[in-house]
Protein chains: 4
Amino acid sequence: MDRRSQILTIAGHLFSRKGYHATSMRELARHLNLQGGSLYAHIQSKEELLLEVVRQAAERFQKVLEELPSGDPVTRMKALVKGHLRVIAEELPRATVFFHEWKHLSPPLLEEAKALRRRYEEGVQAVVEEGVRAGVFRVENVRLATLFVLSALNWTYQWYRPDGPLSLEALAEAYAELVLKALGVAASPEGERREKGGEDGEA
Amino acid sequence: MDRRSQILTIAGHLFSRKGYHATSMRELARHLNLQGGSLYAHIQSKEELLLEVVRQAAERFQKVLEELPSGDPVTRMKALVKGHLRVIAEELPRATVFFHEWKHLSPPLLEEAKALRRRYEEGVQAVVEEGVRAGVFRVENVRLATLFVLSALNWTYQWYRPDGPLSLEALAEAYAELVLKALGVAASPEGERREKGGEDGEA
Amino acid sequence: MDRRSQILTIAGHLFSRKGYHATSMRELARHLNLQGGSLYAHIQSKEELLLEVVRQAAERFQKVLEELPSGDPVTRMKALVKGHLRVIAEELPRATVFFHEWKHLSPPLLEEAKALRRRYEEGVQAVVEEGVRAGVFRVENVRLATLFVLSALNWTYQWYRPDGPLSLEALAEAYAELVLKALGVAASPEGERREKGGEDGEA
Amino acid sequence: MDRRSQILTIAGHLFSRKGYHATSMRELARHLNLQGGSLYAHIQSKEELLLEVVRQAAERFQKVLEELPSGDPVTRMKALVKGHLRVIAEELPRATVFFHEWKHLSPPLLEEAKALRRRYEEGVQAVVEEGVRAGVFRVENVRLATLFVLSALNWTYQWYRPDGPLSLEALAEAYAELVLKALGVAASPEGERREKGGEDGEA
DNA sequence: AATGAATGAGTGTTCATTCAT
DNA sequence: CATGAATGAACACTCATTCAT
């Protein structure tokens with residue numbers, strides 16, 4: 001990994017843990033065993049660093065959308081939930097910056113960040129819409145339902161710790177279930193099986 | 001409203017809009033037509049200001065829990081969803097600070113903020129548990145379900161604008177519906193009618 | 001004691017303990033159960049306060065000179081040593097300010113403080129000169145001897161604590177002895193008696 | 001001389017002339033043709049600067065003790081007086097800070113400064129004790145005599161100006177004489193000749 | 001590439017002092 | 001007399017960034 005990538009990785013960690021403004025360039029440099037000024041041989045500015053981290057996260061999220069299996073809306077939505085949560089689990093710092101720190105970009109760059117986020121949200125909304133059009137998801141307001149789903153997914157970065165007791169798979173399975181129920185879909189077969197169906201399945 | 005309250009209100013706005021660290025005391029003062037130093041006749045430190053805003057938000061959220069109607073879990077959960085969203089709508093800046101900026105408190109005060117947030121989350125979890133114990137909510141993992149609900153609710157501060165086209169009532173109604181469905185409850189009477197209930201309920 | 005005197009007394013304590021610049025008007029006020037601004041009903045400025053404290057100390061020292069007994073130089077010098085040390089013991093804060101903090105006065109007032117100190121030093125020098133002229137003190141350089149005596153006396157404020165184990169009388173007696181010996185005078189009779197003479201007396 | 005040493009030297013001058021609290025970092029920087037903030041590339045804090053100056057002075061004084069000639073107490077005491085005065089003459093600013101400004105250090109560092117001063121005073125006291133044990137110095141109270149000597153020596157920083165009319169040698173000679181007489185020692189050979197010794201010695 | 005010294009603007013905060021009440 | 005709010009300047013210190021080496 002070259003210096004620039006190292007810098008971006010550490011910057012992601014620090015921006016996500018302490019916030020963009022509470023992270024100083026000197027501290028970033030210290031984590032790389034460098035002097036503050038040396039960073040500028042590799043980057044242009046602190047703000048560029050922030051935008052780049054946002055871009056990297058956006059790319060990861062966008063790839064989830066691109067690699068969604070074709071097929072029925074339930075399968076696709078499950079894949080989306082799992083993919084989204086996987087990105088959060090694997091790229092927690094960058095994801096956190098994508099969700100929060102982008103705000104601190106100033107106007108020219110801010111627009112790009114907003115666009116990246118909007119593009120992803122629209123992708124998610126498209127998946128919801130498909131399901132609704134197919135009659136599989138039953139919701140009153142597609143936009144609201146999308147936001148609801150995104151909310152539930154995004155917030156996980158606030159509490160989920162990949163090295164904690166809850167495995168990514170277990171989380172994804174449970175969340176997919178909850179999301180699908182909220183979208184008016186019956187519990188998935190696997191879910192039923194894992195729980196010996198009955199009770200939950202009939203609910 | 002005395003000066004201290006004015007300061008707290010403006011601080012809430014600025015901390016929520018720009019973030020704690022990106023808000024300078026001089027800027028805060030300027031919004032009150034004061035010199036920077038003059039703030040210190042009313043407050044002790046910037047950090048105290050942050051904690052106080054967090055406390056005010058926590059109090060509002062806590063009151064929602066305290067004023068929940070007694071009765072069946074569905075009614076209570078609906079009231080919780082609506083109450084939570086009302087606090088967000090009415091106290092958007094403070095709620096935002098409660099959700100995010102508390103992180104920038106330093107250790108002694110940080111603990112208080114964490115305790116306030118934990119207390120509220122436990123209150124929400126209690127409502128979910130009641131419903132599960134009563135056999136009305138059907139979820140595999142109470143903790144996860146609670147986090148799911150909280151996620152969906154909390155994230156709204158990111159996009160909901162009280163002066164936008166979506167009324168608080170409409171939002172709350174829709175979200176209550178989605179939450180209850182995720183919790184495995186059949187659509188409520190109104191919901192059923194609008195959605196021709198039956199099918200959905202059995203799904 | 002009226003308010004002004006109270007203020008001067010506390011100011012003396014604080015200026016001497018923490019130094020003029022490290023003492024804030026608010027702290028001074030707090031010691032008097034007042035708000036900072038309230039001091040200005042009684043005084044004109046912080047600097048005036050400093051000068052006034054210097055003046056009070058100077059007056060005490062000057063009175064020692066004025067009340068010196070007439071008589072032989074040894075008796076007068078002993079009285080001077082004791083009187084000087086008594087002022088330090090009884091007025092430690094003011095004496096400390098007189099010795100040190102006067103430096104922080106700005107030019108117009110600074111001159112007065114310097115004059116007060118000079119006047120006292122000249123008084124002491126006069127006592128030394130008398131003794132030399134009378135052939136009782138034997139020193140090469142009157143000015144240096146005076147400075148030597150003043151040094152020994154002044155520095156006591158740095159370590160002498162009136163409430164410590166060493167009584168003012170014992171200190172004064174011992175210092176008078178040392179000063180007189182330095183000035184080339186034999187040990188005083190009292191001194192000899194107190195120690196059952198022998199050893200020291202013969203030295 | 002590197003920047004750090006320059007800073008320490010100027011800091012010594014300013015702290016001694018105006019006092020620690022009355023010296024601003026900006027003023028210190030201005031004397032070095034720097035911006036205020038630039039100092040912090042070389043030092044950690046203003047307080048560190050104060051401690052360092054105190055340390056440098058302490059080192060000089062301590063070296064006087066270490067380099068005292070072995071031999072009779074009178075010779076040693078003379079060397080001590082001369083050495084002490086030489087440090088004051090050659091390092092007036094640092095010595096002044098050593099005598100006074102150390103008080104403004106805050107607890108952790110304050111203790112070090114106190115220890116340095118105590119160590120030197122004990123060294124001086126040891127020299128006095130030697131002389132007493134050898135029967136050469138005749139004093140009632142060793143501790144008081146030591147303080148007397150230290151007082152006389154220390155205070156010189158208040159008035160002695162190395163570039164004034166009084167040479168360091170003349171001052172040291174005269175002070176050594178006065179100190180020894182106070183310690184009950186007959187005038188030294190040179191002194192005896194000048195003062196016709198005999199009389200004085202027997203006094 | 002990296003350093004280390006420097007800048008100039010900015011940080012939160014304290015200060016002596018004023019003044020209407 | 002005393003208060004409490006305010007000022008405007010100053011404080012020690014940090015910041016992102018530049019640049020000669």
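Because the structure is a prediction, the values reported are computed rather than measured. Below, chains carry the letters A, B, ... as their sequence lines are ordered, and counting in each starts from 1.
What separates CD of D:Glu27 from C1' of F:dC13 is a distance of 17 Å, to the nearest Å. For D:His42 and E:dG4, the NE2 to P distance is 11 Å, given to the nearest whole Å. A straight line from NZ of C:Lys18 to P of E:dC15 spans 9 Å, rounded to a whole angstrom. For the pair D:Ile43 CD1 and E:dA5 P, the computed distance is 13 Å after rounding to whole Å. Straight-line distance from the CG atom of D:Leu14 to the P atom of F:dC11: 13 Å, rounded to whole Å. The distance between atom CD1 of A:Ile7 and atom P of E:dA2, rounded to the nearest whole Å, is 8 Å. Computed from coordinates, the D:Arg4 CZ to E:dA6 P distance equals 14 Å when rounded to whole Å. Put simply, CG on A:Leu34 is 16 Å from C1' on F:dA16, counting in whole angstrom units.
One finds a side-chain N or O of C:Tyr40 lying less than 4.0 angstrom from the OP1 or OP2 phosphate oxygen of E:dT17. Close to E:dG12, at under 4.0 Å from its OP1 or OP2, lies no side-chain N or O of B:His21.
If you check every strand for non-hydrogen atoms under 4.0 Å, C:Leu39 touches nothing. A:Arg3 comes within 4.0 angstrom of sugar-phosphate atoms only, judged by non-hydrogen atoms across all strands, and of no base. Among the atoms of the strands shown, base atoms are found under 4.0 Å from some heavy atom of D:Ser38.
Across all non-hydrogen atoms, the minimal contact from D:Ala57 to D:Phe98 is CB-CB, 3.6 Å. Across all their heavy atoms, A:Trp102 and A:Lys114 have their closest contact at CZ3-CG, 3.8 Å.
Set against F:dA12, F:dA6, E:dT7, the side chain of D:Lys46 has F:dA12 as its closest nucleotide. The nucleotide whose nearest atom lies closest to any side-chain atom of A:Arg26 is, among E:dA1, F:dC15, E:dG8, F:dC15. Each of E:dT13, F:dA2, F:dG8 was ranked by its minimum atom distance to the side chain of B:Gln35; first place goes to F:dG8. When each of F:dC11, F:dC15, E:dG12 is scored by its nearest atom to the side-chain atoms of D:Ser24, the top-ranked nucleotide is F:dC11.
A residue-by-residue look at A:Ala22 and B:Ala41 shows that B:Ala41 has its nearest nucleotide of DNA chain F further toward the 5' end. Between D:Gly36 and C:Gln44, the one whose closest nucleotide on DNA chain E sits nearer the 5' end is D:Gly36. Nearer to the 5' terminus of DNA chain E, by closest-nucleotide assignment, is the contact made by B:Glu47 (compared with the other of B:Glu47 and C:Met25).
Under 4.0 Å is where a charged nitrogen must lie from a carboxylate oxygen, and between C:Arg30 and C:Glu27 no such pair does.
Between the D:Arg94 side chain and the D:Gly12 main chain, no donor and acceptor come within less than 3.5 Å of each other.
Around the CD atom of C:Gln44, the shell of radius 6.0 Å holds no more than 12 heavy atoms that belong to other residues, nucleotides or ligands. Summarising the local packing, NE2 of A:His104 is surrounded by more than 12 heavy atoms from other residues, nucleotides or ligands at distances under 6.0 Å.
In this structure, F:dT3 and E:dA20 make a Watson-Crick or G-U wobble pair, each of the two defining distances being under 3.5 angstrom.
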